[in-house]
Amino acid sequence: MEEPAEVRIGRGQRLIEAVREDLELFGVAELEERIEILQSEIARAEAQIDRKKAGRAAADALFG
């Protein structure tokens with residue numbers, strides 16, 4: 001008998017699941033922690049966007 005294949009979680013799937021959670025179940029401290037985590041993730045995503053834009057601008061300057 002074969003073991004079931006490991007389910008692969010799609011890119012961004014955990015974030016989608018997190019935003020669907022019922023916030024009524026969280027206490028104030030948990031909600032504040034959640035906000036801090038989300039703000040940190042936003043900053044991380046914005047930094048990645050800046051790096052990608054800088055890389056693109058450098059490539060455009062070199063080849064364009």
Side-chain angles (χ1 to χ4, degrees):
M1 195 175 223
E2 283 187 40
E3 292 289 322
E6 197 171 305
V7 177
R8 184 178 171 126
I9 297 173
R11 192 182 323 186
Q13 188 62 35
R14 288 190 178 110
L15 180 60
I16 292 168
E17 291 170 5
V19 300
R20 290 181 179 161
E21 287 182 316
D22 184 2
L23 297 180
E24 286 291 326
L25 303 174
F26 292 87
V28 172
E30 292 170 313
L31 289 168
E32 290 172 339
E33 179 182 10
R34 185 181 181 105
I35 289 170
E36 288 176 22
I37 292 167
L38 291 169
Q39 287 172 333
S40 174
E41 182 61 12
I42 289 167
R44 191 172 78 98
E46 288 174 336
Q48 185 64 35
I49 289 170
D50 291 344
R51 283 192 292 277
K52 288 180 177 274
K53 285 181 177 178
R56 178 62 188 247
D60 287 345
L62 183 63
F63 297 110

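Treat the numbers as computed from the prediction; the structure is a model and nothing was measured.
- Across all their heavy atoms, I9 and R14 have their closest contact at CD1-NH2, 3.2 Å.
- What you find for E30 and L25 is that their closest heavy atoms are OE1-O, 4.2 Å.
- Other residues, nucleotides and ligands contribute only 12 or fewer heavy atoms inside 6.0 Å of the CD atom of E33.
- The CZ atom of R20 sits 10.5 Å away from atom CG of L15, with the distance rounded to the nearest 0.5 Å.
- Salt bridge present: E41 and R44 bring a charged side-chain N and a carboxylate O closer than 4.0 Å.
- Atom CG of D50 is separated from atom NZ of K52 by 12.0 Å, given to the nearest 0.5 angstrom.
- Atom CD of E46 sits about 9.5 Å away from atom NZ of K53, to the nearest 0.5 Å.
- Put simply, CG on L31 and CD on E24 are 9.0 Å apart, with the number rounded to the nearest 0.5 Å.
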